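Input: a single structure, listed below in structure tokens.
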Amino acid sequence: MKWISVKDRLPEQTDTILEEGDDLLLCETGEGAKGTYYFYHVGKFEIWEGGGKCWNISNGEHLWFDADFNRITHWAKIEPPEVTE
């Protein structure tokens with residue numbers, strides 16, 4: 001799995017929310033009194049009709065481009081494990 005910075009690029013997504021994107025592992029970082037903290041979420045990157053962008057986190061939270069979008073600093077595509085017999 002390779003982490004990608006949102007400064008480098010965002011996930012590819014269809015033009016509309018009506019088509020589902022891939023599940024992603026999202027990293028949220030921030031600074032607190034005791035240093036840097038990390039939270040990890042499963043979610044999707046969505047582009048809504050009209051151009052609105054958001055992180056749709058599996059807990060039901062939406063981080064919109066013009067508000068809290070930058071809380072997510074890195075993302076990675078979730079790859080299924082390789083099946084061996």
Side-chain angles (χ1 to χ4, degrees):
M1 180 176 70
K2 179 182 173 192
W3 285 105
I4 301 169
S5 170
V6 297
K7 292 179 182 178
D8 293 337
R9 72 180 174 94
L10 293 173
E12 294 179 18
Q13 176 68 19
T14 59
D15 294 336
T16 173
I17 189 177
L18 301 176
E19 295 185 32
E20 294 292 324
D22 291 328
D23 282 331
L24 304 170
L25 185 58
L26 308 174
C27 179
E28 176 182 352
T29 61
E31 296 298 324
K34 298 190 181 213
T36 302
Y37 62 86
Y38 302 90
F39 292 109
Y40 299 96
H41 311 281
V42 174
K44 298 180 184 305
F45 174 69
E46 297 177 345
I47 300 175
W48 289 57
E49 292 181 29
K53 297 176 186 172
C54 77
W55 297 109
N56 183 349
I57 298 175
S58 59
N59 68 2
E61 186 176 7
H62 288 78
L63 304 179
W64 293 95
F65 189 74
D66 57 350
D68 292 323
F69 189 80
N70 63 350
R71 284 176 34 196
I72 303 300
T73 60
H74 292 77
W75 61 275
K77 185 173 179 184
I78 297 174
E79 298 289 344
E82 184 177 323
V83 177
T84 59
E85 296 185 61

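Computed from a predicted structure; not experimentally measured. Residues: numbered from 1 along the sequence shown.
- Minimum interatomic distance between His41 and Ile57 (heavy atoms only, all atoms of both residues): CB-CG2, 3.7 Å.
- In Phe69, the CZ atom is crowded: over 12 heavy atoms of neighbouring residues, nucleotides or ligands sit closer than 6.0 Å.
- For the atom pair Leu25 CG and Trp75 CH2, the distance stands at 11.5 Å (nearest 0.5 Å).
- Summarising the geometry, atom CG belonging to Asp23 is positioned 15.0 Å from atom CZ belonging to Phe45; distances are rounded to the nearest 0.5 Å.
- Atom NZ of residue Lys44 and atom OG of residue Ser58 lie 9.5 Å apart, to the nearest 0.5 angstrom.
- Inter-residue side-chain proximity for Leu10 and Trp55 is flagged as met; some heavy-atom pair is nearer than 4.5 Å.
- Between Trp48 and Phe65 there is no side-chain heavy-atom pair separated by less than 4.5 Å.
- Among all heavy-atom pairs drawn from Ile72 and Val6, the shortest one is O-CG2, 3.5 Å.
- A side chain to side chain contact (heavy atoms under 4.5 Å, CB included) with Lys53 is found for one member of Leu63, Asp66, Ile47 and no other, namely Ile47.
- At a threshold of 4.5 Å between non-hydrogen side-chain atoms, the residues Glu28 and Thr73 do not count as touching.
- Linking ILVMFWY residues whenever their side-chain heavy atoms come closer than 4.5 Å, directly or via other members, places Trp3 and Val42 in the same cluster.
- The NE2 atom of His74 lies 8.0 Å from the NZ atom of Lys7; values are rounded to the nearest 0.5 Å.
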